[in-house]
Amino acid sequence: MPAPHDLTAVDLRNALASGELGAEEVTSHFLRRIEELNPALGAFLTPTPELALTEARAADTLRARGGTLPMLHGMPLAHKDLTDVAGVRTTMGSAALTPWVAEADAPLPAVLRRAGAISLGKTQVPEFGLSSYSENRVGPPARNPRDLRLSPGGSSGGSAAAVAAGLIPFAPGTDGGGSVRIPAAATGLVGLKPNRGRIPSGSGQQDLGQFVVAGPIARTAADAGLLLDAMVGEPNHRATSAAPSANPFLAAALRAEGSFRIGVSTRSPFESRLDISLDDEALQALDAGVAALTAAGHDLVETDLHYDERYPDAFEVVWTASLATARLAPGREAELTELAATMRRRALSRSAADLVSAIDVLRTFETDTIRQYSAYDMILTPALGMTPRPVGWYTDAGADEDYARQCRYSPFTSMVNVCGLPAISIPALDTQDGLPMGVQLIGRPGAEADLLAVAAQLGH
């Protein structure tokens, strides 16, 4: 049998469920990889080997007793350090907060723990999950396994780096403006942002605009479907079950069925403020995606989309509003990163009327955008506007340029969060330098299964 880190998550789950592999054996294997590889990657901020091994031994005891096993029995994963895990330090990626050790799991870790998953620790994030890169003043930056000089993106960058490097088989991320899809694209993975309300277990941070939803980061569509099945609801079936009623998203990926009308677009709602100039590699990835989807039998058509010019300002206001209520440690405000400090000052200076006005703009944007998208089954865009960026690239020219660079790097993701739609990032090609570039498919409301099926059709 291949090493556990060389197995797909589905195959690893099946080996654990059958007893071919033991939970302690698998957990120890991945913990050794973390110990060996994480110092260079910075993917894990807080590994938790003792807690993980204790849970793994309990999982093996459960299996030895016989009976029903949960869906993710013995499966290793990790959580972003934006959410509480019982007995583990939470930092929110901020040196301006006093870290705390949670007494209980937040909703998402609780659901996945009950599903049988074993957390190996907390992964690196940007401060407060604010950015499309995973660098902060709490620990070393997360780095891209394809090239350690580069960022894996953010805010789920530590989690994506861990999956791409084989430190864990898959990971739950949270996505409020692209935070699952961006790092998945930057590291050559599949990243799915579910529909608003699909995951009943809460989000990764306070979220005035209801942008944030949890979603899977994985190496294959089937692996993403398996994790999404566990995230969506309380497991009450055997780990070996592959029936559609038990694992509907995994089943959709395994069937890989469907033919769709897909609109192709390179328009971004940030065009009214910024020059959105796409790298050649981003356009090549889009062309590769068009060719692959056409070969798979889909109808690819050009679109004529138009976005509200007020979007950039309104999104920034709502996206950063939660910074106004961040509970900083006394006298520690100077320890905020420049981006967080600047955005917090602006958030504190805005009135309730400013927030209401921005939310109204985004409500109108949502209605109008979904109306335009409804002419198609899916919308295809580049996943990113540029190749993966160097560590430190965002932070060398002030807060406003930092934010502008983020928008230019990922000009097609935040609009999906505002609209509440599902979307998936799929690898499309590797550049001459060996860097992954992907495409994004945006689905109709509730169409996660279709997105997973199409990703599987493309060989992922």
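When a residue number appears, it is its place in the shown sequence, counting from 1.
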TODO: Only counting residues at least two apart or in another chain, list the ones meeting side chain to side chain donor-acceptor pair (under 3.5 Å) with Thr90.
DONE: Asp84, Lys122
Open item on the list: For Ala162 versus Ala43, what's the shortest heavy-atom pair and its separation?
Closed with: N-CB, 3.8 Å
Task: Close side-chain approach of Leu41 and Leu167, heavy atoms under 4.5 Å - done: yes
Task: salt bridge (Lys or Arg N to Asp or Glu O under 4.0 Å) contacts in which one or both residues fall within residues 359-369, not counting sequence neighbours - done: Arg196-Glu366, Asp360-Arg363, Asp368-Arg371
Task: Atom CD of Gln210: over 12 foreign heavy atoms under 6.0 Å - done: no
Task: Pair Ser272-Tyr307, side-chain donor/acceptor within less than 3.5 Å - done: no
TODO: Go through the steps to decide whether Thr387 and Glu281 satisfy the test side chain to side chain donor-acceptor pair (under 3.5 Å), and finish with yes or no.
DONE: CA-CA 7 Å; Thr387 57; Glu281 293 87 347; 5.4 Å; no
TODO: Output all residues satisfying side chain to side chain contact (heavy atoms under 4.5 Å, CB included) with Ala453, sequence neighbours left out; order by chain, then residue number.
DONE: none
Open item on the list: Taking side chain to side chain contact (heavy atoms under 4.5 Å, CB included) as the definition, give me every residue that meets it alongside Asp6, ordered by chain and number, with sequence neighbours left out.
Closed with: Pro2, Ala3
Would you give me the side-chain donor-acceptor pairs under 3.5 Å for residues 177-186, sequence neighbours excluded?
residue : atom : partner : partner atom : Å
Ser179  : OG   : Ser155  : N            : 3.1
Ser179  : OG   : Ser155  : OG           : 3.0
Arg181  : NE   : Asp175  : OD2          : 2.9
Arg181  : NH1  : Thr413  : O            : 3.2
Arg181  : NH1  : Gln440  : OE1          : 2.7
Arg181  : NH2  : Asp175  : OD1          : 2.9
Arg181  : NH2  : Asp175  : OD2          : 3.4
Arg181  : NH2  : Thr413  : O            : 3.3
Arg181  : NH2  : Asn417  : OD1          : 2.7

Task: Results of salt bridge (charged side-chain N to carboxylate O under 4.0 Å, His left out) for Asp433 - residues two or more places apart only - done: none
Task: Residues which pass side chain to side chain donor-acceptor pair (under 3.5 Å) with Arg444, listed by chain and number, not counting sequence neighbours - done: none
- [ ] State whether the side chain of Asp308 and the backbone N or O of Arg310 hold a donor-acceptor pair below 3.5 Å, judged by distance alone.
- [x] yes
Open item on the list: The criterion is salt bridge (charged side-chain N to carboxylate O under 4.0 Å, His left out); which residues satisfy it with Arg405, sequence neighbours excluded?
Closed with: Asp396, Glu401
With a cut-off of 3.5 Å and sequence neighbours excluded, list every side-chain donor-acceptor pair involving residues 344-359.
residue : atom : partner : partner atom : Å
Arg344  : NE   : Glu333  : OE2          : 3.4
Arg344  : NH1  : Leu323  : O            : 2.7
Arg344  : NH1  : Ala326  : O            : 3.4
Arg345  : NH2  : Thr342  : OG1          : 3.4
Arg346  : NH1  : Asp400  : OD1          : 2.8
Arg346  : NH2  : Asp400  : OD1          : 3.0
Arg346  : NH2  : Asp400  : OD2          : 3.1
Ser349  : OG   : Arg346  : O            : 2.8
Ser351  : OG   : Ala353  : N            : 3.4
Ser351  : OG   : Asp354  : N            : 3.1
Ser351  : OG   : Asp354  : OD2          : 3.2
Asp354  : OD2  : Ser351  : N            : 2.9

Task: Any donor-acceptor pair under 3.5 Å from Asp81 side chain to Gln124 backbone - done: no
TODO: Specify the closest pair of heavy atoms between Ala171 and Ala78, including all atoms of both residues, with the distance to one decimal.
DONE: CB-O, 4.2 Å
Task: Whether Thr220 side chain and His460 backbone form a donor-acceptor pair below 3.5 Å - done: no
TODO: Over all heavy atoms of both residues, which pair between Cys407 and Leu274 is shortest? Give the atoms and the distance, please.
DONE: CB-CD1, 3.5 Å
TODO: Using the test side chain to side chain donor-acceptor pair (under 3.5 Å), find all partners of Glu257 that sit at least two apart in sequence or belong to another chain.
DONE: none
- [ ] With sequence neighbours excluded, tell me which residues meet side chain to side chain contact (heavy atoms under 4.5 Å, CB included) with Asp402.
- [x] Tyr133, Leu339, Tyr394, Thr395, Gln406
TODO: Only counting residues at least two apart or in another chain, list the ones meeting salt bridge (charged side-chain N to carboxylate O under 4.0 Å, His left out) with Asp11.
DONE: none
Open item on the list: I need the minimum non-hydrogen distance between Leu72 and Ala230, along with the two atoms involved.
Closed with: CD1-CB, 3.5 Å
